[in-house]
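In this text, all values refer to a predicted model and were calculated from it rather than measured experimentally. Lettering follows sequence order; numbering is per chain, from 1.
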Amino acid sequence: MIWIAFAIVFWAATWGLNSWIANGPFAATRAARLAVPVIFGVTIIVVWEALVRGLAVPSVILPPPSAIAAKFATSIPTLWEDFVQTFVKGALSGYLIGCGSAFVTAVLIDRSPFLQRGLLPVGNFIAALPIIGTAPILVMWFGFDWHSKAAVVVVMVFFPMLVNTVQGLAATDAMQRDLMHTYSASYWQRLLKLRLPAAMPAIFNGLKIATTLALIGAIVAEFFGSPIKGMGFRISTEVGRLGLDMVWAEITVAALAGSAFYGIVATIEKGVTFWHPSQRG
Amino acid sequence: MNRIVPILTVVLAIVVLWYGAAIGMNKKWALDQAGRAGVELSTSEVIADTWSQDRPVLPAPHQVAQELWKTTGAMVLKGRAMSKRSLIFHGWITLSATLLGFAIGTGAGILLAVGIVHNRAMDMSVMPWAIASQTIPILAIAPMIIVVLNSVGIQGLLPKAFISAYLSFFPVVVGMVKGLRSPDAMQLDLLRTYNASGGETFRKLRLPSSMPYLFTSLKIGMAASLVGAIVGELPTGAIRGLGARMLTGSYYGQTIQIWSALFAAAILAASLVGIIGLIERRMLKRMGAKQ
């Protein structure tokens, strides 16, 4: 009972604190912007812990954060092995191959307006489909190891990346192209000095979307068959054994890896597209 | 016309490539079988064989189309549209979970967005997490949700719908917050000079101007919901639904079954997104939006 009361009081107190900060005189400062979401996140974790203890929720349904943290700390070697298998071998290599080939394809079809008009609607259509369904097929073709996971990732990231790059390459306006024309610039000069830099915001948009897709693809593909390591494998087997603390530890790894991956791409974007209005704000 | 021709060309090219790939990938099996039987196959016989195997590595397009027709249209003609071998039955299982989850996720997303727009504390605490959560592979927790809900006695439609709801929730929140904030200062000032209350501002300015954003996120959310429902069918050993068809197909090496389930899912996704697009066009037209 005391845990539940504590949860309610803690929730009310931190919510009051957050309202006070958000409506107070410091709301616009950088510190407040950082503090409010952090306080909210801490509140969620504390309330979770208190409610799980107070209501005596069995750990096969929802383990408390402290148990997850303990499990995380004791099984770092396993988690690291799974991380390498799924993220570094599966997701990352698939991401590089998929985004790279989509980029090259986009530059190639950019030369032909006919192909552009034909491929863009088809690409847009395919990008909206449940591509994750190709996972069982690709697992069958490429075997259980990370190659099949990389293949799923390639298929998943290819079309969003292709569509974004083609749109980006069309982002220059007539005046800029005319200017290059008056300089008598060759195709490659126009591409490297005007159109690729102008396409960067759209390209990075595609790259950022692809980070999430890559991790999802690599994890879900492991549900269809994998060697005895990997994040998706660990999640599905530990769920079967009701070892939910390990599942949550694995999810924590996935969340950290996903955010870090996205953060790295976003940081590179900031360096490359510093001139764009969205980065100056 | 000048849009249809290129699209058809690309689709045609894909089909041709597909047939070619089917020859290449199924050839080994055909030659092995012929070698074992001690028969010498001519090129045309090999090609014919690669396009008509029972369990090909890559089924040819017409095999997938035949299987699709056999499990949908032909079943309807025989009056067994809802039998367990029919894709309409499996599609309906997946579709009902998708739609239920989509409705829950969209409703909750819109409510949270309204809260975020009207409450600064909520905006500052929830919004960064809503954005950050989009970089997290949420789909990874699908098996856990299914098993946990199972162990508290919730089975069937709801667990899958839950995953769908979760996946469609965040796109709607982010899009709707953007939409509700899209009226500019001048428009808000105008309503202030009319002495409009908060509710009136919401109803007459914020809500109408958020519609284009809402529909964009609805399309994303719908596609995500379907993926959620399909993935939700994987870990439980479910025997019904499009995801289950894929899983059993991959267990028993029934490639044609996997491909037909995949195409059924694709057709489902395309028509759902298409329906939303149609409603969008109608509605925005009636609201007098620029085309």
Side-chain angles (χ1 to χ4, degrees), chain A residues 15 18-23 27 32-33 36-37 39-41 43 60-62 114-119 121-122 125 128-130 132-137 139-141 208 211-212 215-216 219-220 223-225 231-232 235-236 239-240 242 244 247-248 250-251 254-255 257-259 261-263, chain B residues 2-3 5-11 13-14 25 57-58 119-129 132-144 146-148 151-152 219-220 223 226-227 230-231 234-235 242-243 246-247 249-250 253 255 258-259 261-262 265-266 268-270 273:
Chain A
W15 190 252
N18 264 352
S19 314
W20 180 72
I21 296 178
N23 296 311
R33 256 167 222 284
V36 172
I39 293 174
F40 183 75
T43 309
V60 290
I61 291 179
L62 188 66
F114 181 80
L115 269 184
Q116 247 184 66
R117 264 178 304 172
L119 257 177
V122 175
F125 174 74
L129 297 182
I132 197 77
T134 56
I137 298 162
V139 169
M140 223 177 251
W141 286 357
K208 284 196 286 190
T211 57
T212 322
L215 210 48
I216 289 179
I219 292 177
V220 173
F223 295 162
F224 286 98
M231 288 151 84
I235 288 173
S236 54
V239 161
L242 293 179
L244 281 209
V247 177
W248 277 100
E250 207 67 67
I251 289 169
S259 314
F261 194 11
Y262 186 92
Chain B
N2 62 352
R3 289 192 55 185
V5 174
I7 294 176
L8 283 183
T9 317
V10 168
V11 171
I14 291 175
M25 298 184 73
V57 179
L58 175 65
N119 185 334
R120 264 192 76 78
M122 219 160 147
D123 174 26
M124 286 179 75
S125 24
V126 179
M127 204 53 194
W129 290 104
S133 72
Q134 297 205 308
T135 67
I136 296 169
I138 293 166
L139 222 48
I141 66 170
M144 193 185 59
I146 300 263
V147 169
V148 165
S151 66
V152 292
K219 283 187 207 160
I220 301 171
L226 187 64
V227 172
I230 290 175
V231 173
L234 298 181
L242 292 176
M246 288 175 196
L247 197 64
S250 88
T255 36
I258 304 180
W259 279 94
L262 184 62
L268 202 59
V273 173

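Interatomic distance, CD1 of B/I230 versus CE of B/M246, reported as 4.5 Å (0.5 Å rounding). Once rounded to the nearest 0.5 Å, the distance linking CD1 of A/I137 with CH2 of B/W259 reads 4.5 Å. Atom-to-atom distance recorded for B/M122:CE and A/F40:CZ is 8.0 Å, nearest 0.5 angstrom.
Looking at B/I14, only its side chain comes within 4.5 Å of chain A, counting heavy atoms on both sides. When heavy atoms are compared at a cutoff of 4.5 Å, A/I251 approaches chain B solely by way of its side chain, counted from C-beta outward. Both the backbone and the side chain of A/L119 come within less than 4.5 Å of a heavy atom in chain B. At a 4.5 Å heavy-atom cutoff, the contact between A/W15 and chain B is made by side-chain atoms alone. When heavy atoms are compared at a cutoff of 4.5 Å, A/Y262 approaches chain B solely by way of its side chain, counted from C-beta outward. If you measure heavy-atom distances from A/T211 to chain B, you find no contacts under 4.5 Å at all. Both the backbone and the side chain of A/T134 come within less than 4.5 Å of a heavy atom in chain B.
In this view, A/L62 and A/W48, A/V52, A/V57, A/W248 satisfy the side chain to side chain contact (heavy atoms under 4.5 Å, CB included) rule, not counting sequence neighbours. For A/A255, the side chain to side chain contact (heavy atoms under 4.5 Å, CB included) partners are B/I136, not counting sequence neighbours.
Comparing B/L268, B/T9, B/V11, B/L226 by heavy-atom pairs within less than 4.5 Å of chain A, the highest count is held by B/T9. Contact count against chain B (heavy-atom pairs under 4.5 Å) is highest for A/P37 among A/G258, A/A22, A/A254, A/P37.
In this structure the side chain of A/I216 never reaches within 4.5 angstrom of the side chain of B/V227, judged on heavy atoms. Contact of the A/V36 side chain with the A/I39 side chain is not registered, since no non-hydrogen atoms from C-beta on lie closer than 4.5 Å.
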